[in-house]
Amino acid sequence: VVYKAIHPSLKRDVVIKKMAMKSSSMAKERFKKEAQILLDMQSPYIVHLFDYFTEGPYRYMVEEFVDGLALDKLIKKQTIVDPLVALLILQDACFALKFAHSKGIVHRDIKPANILISRRAEVKLADFGIASDENDDPNDKTQSGVTLGTPAYMPPEQFENSSTVDNRADIYALGIMLYEMVTGTKPYPSEYSKENIARIKKGKYISPKTIDKTIPPVICKLIKKMLKPKAKHRFQSVNPIIKIIKKYLKNYDTHAIRVELAKIVI
């Protein structure tokens, strides 16, 4: 259960996540693990954790309240996100992942619903509920062969074994997100079916350029490399993605683009 609340001493709006009493021991451990991960995530591009505690049979997390919209709601509102705005959002999401990956954290559930955008156009990554870190025991919370994640955003290797994926799985999901922002549709259906998984493994999707010829070539090239079915053919880190975006956006007024994003959110 998620509440909006006012922190009594900090005098600011916060989000309280309450874990139900009947949750399984695995779910409770995941909840605690998410809090432990967020404690180390001191980045302006990642939702801040203020507190974690238990009260009777319940567990709670107190997090930063981002006053704005999740990216999935923004896409629904706009249908298609302006390419420059999409690149700015992608850049900030990459900054968040650069920090997480440097700590050995793989998010494993990158999707528009987990990208929060404030009224000041601050972009923040949220929900580390199924994230993994270097200290994970594969036999503990993510047993070998278990699939975790959101099918429409998962790379082929995550369907086979979620416990062994690395930062390149997050890069793939970012590529799906970029595709969705600029085309208004996902490259693959959301359902978990043999046919869909086979398509994802083959990398068969409609080129964004076929959907909209006005999409800048730089975005099409990013998507093509980020969505390679084999992890070794993708970008190996978010650093070259950030470099490509920065080089492209230096020809534009990024402050004006951020103001435009803020207007959309408001």
Side-chain angles (χ1 to χ4, degrees), residues 71-72 75-76 79-81 83 86-87 89-91 93-94 96-98 100-101 105-115 125 130-132 142 144-245 247-248:
L71 180 56
D72 62 332
I75 292 170
K76 193 174 180 183
T79 307
I80 292 171
V81 179
L87 283 173
I89 293 169
L90 181 70
Q91 175 189 265
C94 282
L97 284 176
K98 182 178 180 177
H101 293 165
I105 305 294
V106 182
H107 190 281
R108 297 196 297 191
D109 200 18
I110 297 294
K111 58 185 177 183
N114 289 336
I115 304 291
L125 177 59
I130 64 166
S132 65
T142 310
S144 182
V146 171
T147 300
L148 292 172
T150 305
Y153 301 91
M154 284 161 53
E157 67 269 23
Q158 198 165 337
F159 285 100
E160 291 167 14
N161 191 346
S162 296
S163 67
T164 57
V165 300
D166 57 25
N167 60 322
R168 294 170 297 181
D170 287 343
I171 288 168
Y172 180 95
L174 278 180
I176 299 277
M177 198 174 82
L178 178 59
Y179 185 106
E180 190 175 357
M181 281 194 282
V182 297
T183 67
T185 184
K186 299 180 187 75
Y188 303 108
S190 300
E191 74 261 11
Y192 189 90
S193 66
K194 283 184 179 179
E195 294 77 21
N196 196 28
I197 294 168
R199 279 177 63 190
I200 290 168
K201 284 182 177 178
K202 287 176 183 173
K204 295 210 166 186
Y205 61 89
I206 299 168
S207 166
K209 202 78 178 170
T210 304
I211 297 169
D212 183 354
K213 289 181 172 60
T214 66
I215 295 171
V218 66
I219 290 181
C220 295
K221 286 176 184 175
L222 280 170
I223 290 169
K224 188 176 181 181
K225 193 165 175 75
M226 292 165 86
L227 295 192
K228 291 288 184 186
K230 290 191 182 297
K232 65 181 180 181
H233 295 148
R234 288 175 218 145
F235 293 105
Q236 300 302 290
S237 78
V238 294
N239 292 336
I241 302 171
I242 293 169
K243 191 176 177 182
I244 290 165
I245 296 170
K247 186 180 177 184
Y248 186 78

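Everything numeric here is computed off the predicted structure, so don't read it as measured data. Residues take their numbers from the sequence shown, with the count starting at 1.
- Contact detail for Pro151 and Ile200: the closest heavy-atom pair is O-CD1, 4.2 Å.
- With contacts defined as side-chain heavy-atom distances shorter than 4.5 Å, the pair Ile110/Leu125 qualifies.
- Going from atom CD1 of Ile223 over to atom OG of Ser207 covers 8.0 Å, rounded to the nearest 0.5 Å.
- Put simply, the side chain of Ser237 gets close to the backbone of Asn239: a donor and an acceptor are under 3.5 Å apart.
- In this structure, Leu178 CG and Ile89 CD1 are separated by 10.0 Å, a value rounded to the nearest 0.5 Å.
- Taking each heavy atom of Arg108 and Ser132 in turn, the nearest pair found is CZ-CB, 3.6 Å.
- Pairs passing the ring pair (Phe, Tyr, Trp, His ring centres under 6.0 Å) check and including a residue from residues 161-184, sequence neighbours excluded, read Tyr179-Tyr205.
- Here the CD1-CD1 distance, from Ile245 to Ile219, works out to 8.5 Å after rounding to the nearest 0.5 Å.
- Counting only distance, with no hydrogens or angles, the side chain of Asp212 and the backbone of Thr183 share no donor-acceptor pair below 3.5 Å.
- Lys111 forms no cation-pi arrangement with Tyr153, by the criterion of a distance under 6.0 Å to the ring centre and an angle within 45° of the ring axis.
- Atom-to-atom distance recorded for Asp72:CG and Met181:CE is 12.0 Å, nearest 0.5 angstrom.
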Test Val165 against Met154 for side-chain contact (heavy atoms from CB on, under 4.5 Å), laying out the working first.
CA-CA 10 Å; Val165 300; Met154 284 161 53; over 6 Å; no

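- Rounding to the nearest 0.5 Å places CD1 of Ile241 at 11.5 Å from CG of Leu87.
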Next on the checklist: I'd like to know whether Val182 forms a side-chain contact (heavy atoms from CB on, under 4.5 Å) with Ile211, so could you lay out the CA-CA distance, the side-chain angles of the two residues, the decisive distance to 0.1 Å, and finally the verdict.
Outcome noted: CA-CA 10 Å; Val182 297; Ile211 297 169; over 6 Å; no

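- In this structure, Phe235 and Pro240 approach most closely via the heavy-atom pair CD2-CG, 3.7 Å.
- Looking at heavy atoms from C-beta onward, Thr185 lies out of side-chain contact with Glu180 at the 4.5 angstrom threshold.
- Within 6.0 Å of the NZ atom in Lys209, the count of heavy atoms belonging to other residues, nucleotides or ligands exceeds 12.
- Between Met177 and Ile115, the shortest heavy-atom distance links the atoms SD-CG1, 3.6 Å.
- Across all their heavy atoms, Pro229 and Lys201 have their closest contact at CB-O, 3.3 Å.
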Q | Worked check of side-chain contact (heavy atoms from CB on, under 4.5 Å) between Leu71 and Ile75 | A | CA-CA 6 Å; Leu71 180 56; Ile75 292 170; 4.0 Å; yes

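- In this structure the side chain of Gln91 never reaches within 4.5 angstrom of the side chain of Ile244, judged on heavy atoms.
- Distance check, rounded to the nearest 0.5 Å: CG of Asp166 to CD of Gln158 gives 10.5 Å.
- Contact record, Cys220 with Ile215: SG-CG2, 3.8 Å, taken as the closest heavy-atom pair.
- Here Arg234 pairs with Glu157 in a salt bridge; the nearest charged N to carboxylate O distance falls below 4.0 Å.
- Remark: side-chain polar atoms of Asp109 are not paired, donor with acceptor, to backbone N or O of Ala131 under 3.5 angstrom.
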If you apply the rule side-chain contact (heavy atoms from CB on, under 4.5 Å), what do you find for His107 with Ile130, and how did you get there? CA-CA 7 Å; His107 190 281; Ile130 64 166; 6.0 Å; no

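- Residues Asn167 and Val238 are not in side-chain contact: their nearest non-hydrogen atoms beyond the backbone lie 4.5 Å or more apart.
- The closest side-chain donor-acceptor pair between Gln236 and Arg168 falls under 3.5 angstrom.
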